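All figures in this text were calculated on a predicted structure; none of them were measured in a lab. Heavy atoms only: backbone and side chains are in, while hydrogens, waters and symmetry mates are out.
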Amino acid sequence: MRLSIGPVQYFWERQQVLDFYQQVAECPAEIVYLGEVICSKRRLVKPEDWLAIGRELKQGGKEVILSSLALIEAASEVGSLRKLCNNHEFMVEANDVTAIQLLSRAGTAFVTGPGVNIYNHRSLRLLAAKGLKRWVLPVELGLETLEDLQQRRPDGVETEVFALGRLPLAYSARCYTARSHNLPKDNCQFKCLEYPDGRVLKTQEDQEFLVLNGTQTQSALTHEVLAQLSQLDALGVDVVRISPQHQGTFRIIELFSEALQGANLKFLIPELHSLLPLGACNGYLLKQAGMEYGNPATD
């Protein structure tokens, strides 16, 4: 299996983004996804910047994929998406059906992100006929469903699994980060910049429950599948994805790389968990409540 780095889901300062991808060039991950996937108002890194970053990473031997917005709301966003899909340099990760339509009509191969609802082999076959080359398992599906889909997967289509990161649970036309500051979306004052890992939302019982990330809602706990890598490998998964977080991403990538090379999980898992903001979960993958965590390596 190969390691990938998913698109940065949060709103970071421009220099932090540039510094991050300078480090990406030296890390063990072979595949890198670039681009803004949450909000079109996040323009500190411009489309031409993403292309420049992609070219540098490609020269360094990385496979580069440009990621599209997960929620298209305006004609201007469709125009930007059209330019992205017509970039002629890099494959595109389609994060909604609009991007799939544009790419399939152009006869261009594409990847689908975790927000595209591929739940059965018929969907896989349909999209493969339209140019799908790699799909990311929706985060709410588990190993049993993955096994069934892998058995019926069309030839020439790779499978990627979201292996670490706060789970992308929902997208909305509303900006919940702005709303939490009593601001309208059109005058959000870019409050997302104040929360480089999203804004934690607690229950009335003071339990960390969700994370607000602009128009996206995430899990508060960080999903991780380090202990299940051998199962994913046995099922024929081609790629496992690390979603960037504000601190610790590169050590996390190293830990996954070490696990893929056979290192002892009893030592890797505690260190991994020490790098996660609020703790780990993997319940969806194991057919449990999403907030649960099961660890066969140490149970």
Might you confirm whether atom OH of Y119 has over 12 heavy atoms from other residues, nucleotides or ligands at distances under 6.0 Å? yes
Going by atom types alone, do H273 and E224 pair a side-chain donor with an acceptor below 3.5 Å? yes
Do side-chain atoms of H181 reach the backbone of K191 as a donor and acceptor pair under 3.5 angstrom? no
Looking at R251 and E258, is there a salt bridge between them, counting it only when a charged N and a carboxylate O are closer than 4.0 Å? yes
Is E63 paired with K133 through a side-chain N to carboxylate O contact shorter than 4.0 Å? no
Test of understanding: clusters of I, L, V, M, F, W, Y form through side-chain heavy atoms closer than 4.5 Å, transitively. Do Y21 and Y10 belong to the same one? yes
Any luck finding a side-chain donor-acceptor pair between D233 and S230 under 3.5 Å? no
Taking D49 for the side chain and K46 for the main chain, is one N or O donor matched with an acceptor at less than 3.5 Å? yes
Heavy-atom closest pair, residues P244 and I5: CG-CG2, 3.7 Å
Atom of L124, atom of I118 and distance for their closest heavy-atom approach: CG-CG2, 3.8 Å
State whether the number of non-hydrogen atoms from other residues, nucleotides or ligands found under 6.0 Å of R55 atom CZ is greater than 12. yes
Would one find more than 12 heavy atoms of other residues, nucleotides or ligands at under 6.0 Å from atom CZ of F20? yes
Got a sec: does the CD of E271 have more than 12 other heavy atoms crowding it under 6.0 Å? yes
Does the side chain of E73 come under 3.5 Å of the side chain of Y171 through a donor N or O and an acceptor N or O? no
Apply salt bridge (charged side-chain N to carboxylate O under 4.0 Å, His left out) to residues K41 and E36 and explain how you reach the verdict. CA-CA 9 Å; K41 293 180 68 176; E36 176 55 52; over 6 Å; no
Of the non-hydrogen atoms in A259 and L229, which two are nearest, and what is the gap between them? CB-CD1, 3.8 Å
Among V157, V239, T112, exactly one meets side-chain contact (heavy atoms from CB on, under 4.5 Å) together with R134. Which residue is that? V239
Which of E160, R241, E140 passes side-chain contact (heavy atoms from CB on, under 4.5 Å) with P114? Answer is R241
Look at atom CZ of R179 and say whether more than 12 heavy atoms of other residues, nucleotides or ligands are closer to it than 6.0 Å. no
If you count heavy atoms of other groups shown closer than 6.0 angstrom to CD of E144, is the number above 12? no
Heavy-atom count check: over 12 atoms from other residues, nucleotides or ligands less than 6.0 Å from E89 CD? yes
How far apart are the C-alpha atoms of L44 and F190, what are their side-chain angles, what is the distance that settles it, and do they pass the side chain to side chain contact (heavy atoms under 4.5 Å, CB included) test? CA-CA 11 Å; L44 295 181; F190 301 106; over 6 Å; no
Qualifying residue for side-chain contact (heavy atoms from CB on, under 4.5 Å) with L164, from L276, V225, L226, N282: L276
